[in-house]
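Below, chains carry the letters A, B, ... as their sequence lines are ordered, and counting in each starts from 1.
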Number of protein chains: 2
Amino acid sequence: MSRTASVDDRALLASLAAVFRAQGYSGASLAALSDATGLQKASLYHRFPGGKPAMAAAVLSDVGRTFAEVLEPLTAIESPAAAVAEMARRVSSAYADGRVGCVLDTMTLEGAPTAVKDQAAGLARHWIDAMTQVAARSGADEEEAARRARSALVSIEGALVVSRVLGEPSEFDRAIEALPALLTGTTGETDRGTAR
Amino acid sequence: MSRTASVDDRALLASLAAVFRAQGYSGASLAALSDATGLQKASLYHRFPGGKPAMAAAVLSDVGRTFAEVLEPLTAIESPAAAVAEMARRVSSAYADGRVGCVLDTMTLEGAPTAVKDQAAGLARHWIDAMTQVAARSGADEEEAARRARSALVSIEGALVVSRVLGEPSEFDRAIEALPALLTGTTGETDRGTAR
DNA sequence: GTCTATAGCCCGATAGAC
DNA sequence: GTCTATCGGGCTATAGAC
């Protein structure tokens, strides 16, 4: 109805995140961020006086809130197997069933500010820690639990990369299905096929 | 000794690859490529009249030659287990023990030319095909062999991402150690711990 | 808090000397 | 085949009206 756009903070961060996720930090131009959000560049600078680095930091903080929701079942659900199954569902949803990339990957190439890379590393460590705890609850000893948690993150990030490169998200679906067995050591409906 | 630099083609492609690998396609500025190669921008345009897209294509072609060397043991060595073990050594070497990224990841974000993304997809498919064949030779049926090959690529790409994000390459070492068991189903010195 | 307009710089790319 | 110098444009960022 007018030449003024007003954008909800939540939607704004989601639009910014979509650009950073798809294009990476250096690929996310102010013009693209302006297009995605419907705000002019000057309006983005009003919201984020720190410029593009501040936008990236805000996006990662918002991703941290999303991660908190994704990981919430790991402490809220008593059964480790059920907890991991619910986390897997939320991971799949958060990554649009493998059709979008992960900021931990795309925002950590050289060219991103050190603060951004450090923030991403913190998110990754937090995710690994939460998965380590649920793996330990399922019966793994400390070292084995940490190993499983890192493997889980590896399989998720790798599946997102392979899905993007091949142009089809089926590999991500497989990684999600394998998560419960990978983290808790129990066989769900999938079998990872590494019998001795 | 002079203001003219002459650069061997092999070294030139290696220097260009290092920049694209670390910064991604859109992050790899002509200035950075000029710095890395020791050639001025105009000299790069003399070598690559197609500009930055042509440089990226040449880098991916060179990566394809490296992949051919990495995958050569898969057909040259009779024992599947020994073949995979030798491939794993070469993969580790090609990625500097996990300290560098993979162009399949960094050059396929939005912003890269479609031709570049397609070329990367072809490299990924070729790699998966070669690993599928060795998995089949080790006794897996067709479907299982393909599944193992995709999982192997997922674990390599994921480990490279996680190693970069966390700033330490130990996760890549683990993925390399797990490759033989993952592809051939035999237990080497590592156990992936998914007992039923 | 949004906009238009623009500053100043670096981008990819080219012209032309040697 | 390398270089210096430069072009036009997109980049991040800012000024100032409404």
Side-chain angles (χ1 to χ4, degrees), chain A residues 1-20 22-60 106-107 109-117, chain B residues 1-20 22-60 106-107 109-117:
Chain A
M1 75 181 77
S2 74
R3 65 181 191 282
T4 66
S6 194
V7 176
D8 172 66
D9 272 19
R10 199 172 307 263
L12 176 66
L13 284 169
S15 300
L16 294 175
V19 177
F20 280 112
Q23 322 245 10
Y25 182 85
S26 53
S29 69
L30 267 287
L33 295 167
S34 170
D35 280 355
T37 57
L39 288 179
Q40 294 298 327
K41 288 181 276 183
S43 301
L44 288 174
Y45 275 90
H46 176 78
R47 306 281 196 105
F48 303 98
K52 189 169 149 178
M55 297 178 211
V59 163
L60 287 182
T106 66
M107 295 182 76
L109 302 189
E110 281 185 35
T114 300
V116 166
K117 292 189 284 190
Chain B
M1 74 180 76
S2 72
R3 66 181 191 283
T4 66
S6 193
V7 176
D8 172 66
D9 271 20
R10 201 172 305 264
L12 176 66
L13 284 169
S15 299
L16 293 176
V19 177
F20 280 112
Q23 322 244 10
Y25 181 85
S26 52
S29 69
L30 266 288
L33 296 167
S34 170
D35 281 354
T37 58
L39 289 178
Q40 295 298 328
K41 286 184 278 182
S43 302
L44 287 175
Y45 274 88
H46 177 79
R47 306 280 197 106
F48 303 98
K52 189 169 150 178
M55 297 178 212
V59 162
L60 287 182
T106 66
M107 295 182 75
L109 302 190
E110 281 184 35
T114 300
V116 167
K117 293 189 284 190

Rounded to whole Å, NZ of A:Lys41 lies from C1' of D:dA13 at a distance of 9 Å
Any side-chain N or O of B:Ser43 less than 4.0 Å from the OP1 or OP2 oxygen of D:dC3? yes
Calculate the interatomic distance between A:Leu44 atom CG and C:dT4 atom P; express it in whole Å. 13 Å
Closest nucleotide among C:dT14, C:dA13, C:dC11 to the B:Ala42 side chain: C:dT14
Would you mind telling me which of C:dT2, D:dC11, D:dT2 lies closest to the side-chain atoms of A:Ala31? D:dC11
Please report the distance, rounded to the nearest Å, between CZ in A:Phe20 and C1' in D:dT12. 12 Å
Send over the distance from A:Gln40 CD to D:dA15 C1', rounded to a whole Å. 15 Å
Just the rounded figure in Å: distance from P of D:dG10 to CG of A:Leu30. 15 Å
Side chain to side chain contact (heavy atoms under 4.5 Å, CB included) between A:Leu109 and A:Lys117, worked out: CA-CA 8 Å; A:Leu109 302 189; A:Lys117 292 189 284 190; over 6 Å; no
Base, sugar-phosphate or nothing for A:Ala32? Non-hydrogen atoms, less than 4.0 Å. nothing
Side chains of B:Tyr25 and B:Met55 in contact at under 4.5 Å (non-hydrogen atoms): no
NA contact type, A:Ala28, heavy-atom cut-off 4.0 Å: base, sugar-phosphate, or nothing? sugar-phosphate
Nearest heavy-atom neighbours spanning A:Thr37 and A:Leu12: CG2-CD1, 3.5 Å
Atom CD of A:Gln23 and atom C1' of D:dT12: how far apart are they, to the nearest Å? 16 Å
Less than 4.0 angstrom between a side-chain N/O of B:Tyr45 and OP1 or OP2 of C:dT14, yes or no? no
Residue pair B:Leu44 / B:Lys52, side-chain heavy-atom distance below 4.5 Å: no
Quickly work out the B:Lys52 NZ to D:dG9 C1' distance and round it to whole Å. 15 Å
As a test of reading the structure: which of D:dT2, D:dA15, D:dT4 is closest to the side chain of B:Arg47, going by heavy atoms? D:dT2
Provide, to the nearest angstrom, the distance between the NE2 atom belonging to B:His46 and the P atom belonging to C:dG12. 20 Å
Which heavy atom in B:Leu13 sits nearest to a heavy atom in B:Phe48, and how many Å separate them? CD2-CZ, 4.3 Å
